[in-house]
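Both counts, for ligands and for their atoms, begin at 1 and track the order of listing. Atoms considered below: every heavy atom in the structure, side chains included; atoms not considered: hydrogens, waters and symmetry mates. These numbers come from a predicted model, not from an experiment.
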Amino acid sequence: MLFHVRMDVAIPRDLDPEERTRLVTTEKARALDLQRSGKWVHLWRVVGAYSNVSVFDVDGTDELHDILWNLPLFPFMTITVTPLTEHPSALSANP
Ligand SMILES: O=C(O)CC1=CCC(=O)O1
């Protein structure tokens with residue numbers, strides 16, 4: 001199943017800088033692993049915001065929830081999930 005996910009990041013300004021660096025570094029490593037595994041299909045920065053829009057290809061809502069819940073920056077993100085299905089006018093639906 002495909003899901004569009006928007007993540008708006010808000011790390012507290014007073015967070016210890018070393019902890020901030022550790023979180024961002026581990027988040028990046030996790031994101032790269034998930035992209036290599038094929039679960040995190042797209043990862044785009046939203047222009048002008050500390051936000052991303054992503055597409056995940058996972059077995060279902062439980063797997064997506066587990067992935068998002070375990071992201072290092074999860075405590076500092078507001079996450080909006082939109083399930084996707086093929087549009088009937090998409091090229092992929094009209095070979
Ligand atoms: O910077 C972000 O948008 C949050 C994030 C998701 C994956 C990553 O490496 O950073």
Inset, instruction - For F3 and P83, work out which heavy atoms get closest and say how close. - result: CD2-CA, 3.7 Å

Legend entry - Atoms in ligand 1 flagged as close to V9, the criterion being non-hydrogen separation under 4.0 Å: 2 (C), 3 (O), 4 (C)

Legend entry - A31: numbered ligand 1 atoms lying under 4.0 Å from its heavy atoms: 7 (C), 9 (O)

Inset, instruction - Starting from atom 9 (O) of ligand 1, find the nearest protein heavy-atom neighbour and note its residue, name and distance. - result: K28 CA, 3.5 Å

Inset, instruction - Write down the atom of G60, the atom of M1, and the distance for their closest heavy-atom approach. - result: CA-SD, 3.9 Å

Legend entry - R45 side chain reached by V53 side chain, heavy atoms, under 4.5 Å: no

Legend entry - Where ligand 1 meets W40 - atom numbers and elements under 4.0 angstrom, heavy-atom basis: 6 (C), 7 (C)

Legend entry - Atom of L68, atom of M7 and distance for their closest heavy-atom approach: CD2-CE, 4.0 Å

Legend entry - Check against salt bridge (charged side-chain N to carboxylate O under 4.0 Å, His left out), E27 and R30: CA-CA 5 Å; E27 178 84 13; R30 183 77 182 122; over 6 Å; no

Inset, instruction - For atom 2 (C) of ligand 1, grab the closest protein heavy atom and report residue, atom and distance to one decimal in Å. - result: R45 NH1, 3.3 Å

Inset, instruction - Name the closest protein heavy atom to atom 8 (C) of ligand 1, giving the residue it belongs to and the distance to 0.1 Å. - result: E27 CG, 3.4 Å

